[in-house]
Asker: 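A single structure is presented below for examination.
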Amino acid sequence: MNLDFFKLPYSNNSLEPTISSETISFHYEKHHKAYYDNLVRLLGESSIEEESLEDIILKAHKDESLRLLYNNASQVFNHDFFWESLSPEKIEPSDYLVSLIEDNFSSWDKFLDELKSKALNHFASGWVWLVLDSNGGLKIITTSNADSPIILGFKPLLTIDVWEHSYYIDYRNARALYLDSVIGSLINWNFVESNIKRHI
Ligand code: FE
């Protein structure tokens with residue numbers, strides 16, 4: 001099982017000015033790394049081994065005594081997925097993706113509005129996600145704390161971290177400005193499309 005710490009696919013300063021190098025140094029090198037280190041330690045103390053990260057999350061979620069392992073495993077998954085959801089280069093969605101989004105949300109702009117408003121109004125530390133449901137439909141959900149769509153039976157396609165540690169250095173309490181900038185310039189729509197094509 002590959003449980004190496006996620007390698008950021010771009011340099012710390014390459015998401016500037018939307019996300020500063022200082023934020024990456026705390027968010028990726030400290031917060032994300034701490035979840036990873038905790039996961040490795042807790043896995044070593046448990047009887048769970050040789051399983052994928054997703055299997056660990058699903059198994060640990062069912063067992064209250066493994067709550068700390070679950071939280072750290074899920075936070076590792078969520079952060080890996082978040083960094084992959086971003087790109088330093090501006091990536092435009094393909095006609096295929098735009099058409100699929102229009103089928104599910106009536107228009108591209110309505111989709112972006114719903115993504116932003118659900119992220120903005122999520123009343124806790126957590127995550128906003130674009131997911132695929134079991135009927136092949138796309139929907140936007142939020143999860144609190146360490147939870148991810150995996151435990152709800154959805155396939156994750158895109159996520160944005162809305163824990164305060166993701167924006168407080170750069171935007172203080174202005175979560176809306178962080179979301180405007182991330183959604184407007186950093187989303188890796190190619191990653192979203194590749195996730196969709198992997199599942200349908
Ligand atoms: Fe985070």
Side-chain angles (χ1 to χ4, degrees), residues 3-43 53-54 56-58 60-61 66-88 115-131 140-152 154-189 191-192 195:
L3 239 191
D4 293 338
F5 183 50
F6 181 80
K7 174 110 175 56
L8 204 64
Y10 33 75
S11 61
N12 280 18
N13 64 359
S14 61
L15 303 181
E16 292 183 341
T18 297
I19 298 175
S20 69
S21 176
E22 185 184 6
T23 288
I24 298 283
S25 74
F26 279 90
H27 197 177
Y28 169 65
E29 295 175 7
K30 296 196 170 25
H31 289 279
H32 188 173
K33 184 65 162 52
Y35 295 127
Y36 172 81
D37 289 344
N38 287 335
L39 170 61
V40 170
R41 178 177 51 81
L42 292 163
L43 266 180
L53 185 54
E54 293 189 30
I56 292 167
I57 291 167
L58 292 171
H61 182 248
L66 298 175
R67 179 57 39 160
L68 198 55
L69 174 58
Y70 163 76
N71 281 334
N72 282 283
S74 196
Q75 281 294 73
V76 168
F77 176 88
N78 293 351
H79 282 88
D80 293 358
F81 209 89
F82 172 57
W83 301 124
E84 290 204 272
S85 294
L86 306 180
S87 166
L115 185 66
K116 182 186 167 184
S117 81
K118 285 196 169 161
L120 188 57
N121 294 316
H122 181 71
F123 197 77
S125 291
W127 305 82
V128 65
W129 304 83
L130 175 66
V131 300
I140 295 167
I141 65 165
T142 61
T143 57
S144 292
N145 302 315
D147 287 344
S148 88
I150 290 177
I151 57 166
L152 303 170
F154 298 127
K155 304 290 188 197
L157 305 173
L158 161 72
T159 194
I160 302 173
D161 192 338
V162 292
W163 281 60
E164 285 186 349
H165 65 224
S166 63
Y167 58 87
Y168 224 82
I169 289 172
D170 299 329
Y171 299 89
R172 300 304 178 197
N173 60 331
R175 187 190 287 189
L177 295 180
Y178 159 72
L179 291 168
D180 279 338
S181 195
V182 169
I183 293 170
S185 50
L186 289 188
I187 301 295
N188 187 344
W189 298 112
F191 176 68
V192 177
N195 289 324

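Whatever order the structure lists ligands and atoms in, that order sets their numbers, starting from 1. For this chain, numbers begin at 1 and follow the sequence in order.
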Asker: Within 45 degrees of the axis of the six-membered ring of Y36 and under 6.0 Å from its centre: does K33 put its NZ or CZ there?
Answerer: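 No, a cation-pi geometry is absent between K33 and Y36.
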
Asker: For the rings on F77 and Y35, is their centre-to-centre separation under 6.0 Å?
Answerer: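 Centroid distance F77-Y35: not below 6.0 Å, so no.
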
Asker: Regarding S85 and N188, do their side chains bring together a donor and an acceptor under 3.5 Å, going by distance alone?
Answerer: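 The criterion, which ignores hydrogens and geometry beyond distance, is not satisfied for N188 and S85.
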
Asker: Are Q75 and N145 linked by a side-chain donor-acceptor pair shorter than 3.5 Å?
Answerer: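 N145 and Q75 do not have a side-chain donor-acceptor pair below 3.5 Å.
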
Asker: Checking one value in my table: which N/O/S atom of H27 lies closest to the Fe ion (ligand 1)?
Answerer: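 Going by distance to the Fe ion (ligand 1), the closest N, O or S atom in H27 is NE2.
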
Asker: H79: which N/O/S atom is nearest the Fe ion (ligand 1)?
Answerer: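 Atom name of the closest N, O or S in H79: NE2.
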
Asker: Closest N/O/S atom of D161 to the Fe ion (ligand 1), by atom name?
Answerer: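 Of the nitrogen, oxygen and sulfur atoms in D161, the Fe ion (ligand 1) lies nearest to OD2.
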
Asker: Mind checking whether the Fe ion (ligand 1) has an N, O or S of H31 under 2.8 Å?
Answerer: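 Looking at H31, which is the residue asked about, there is no N, O or S atom under 2.8 Å from the Fe ion (ligand 1).
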
Asker: N/O/S atom of H32 under 2.8 Å from the Fe ion (ligand 1), yes or no?
Answerer: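 Short answer: no, not a single N, O or S atom is under the cut-off.
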
Asker: Out of I57, L39, I56, which one pairs with V76 under the side chain to side chain contact (heavy atoms under 4.5 Å, CB included) rule?
Answerer: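 When side chain to side chain contact (heavy atoms under 4.5 Å, CB included) is applied between V76 and each of I57, L39, I56, only L39 qualifies.
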
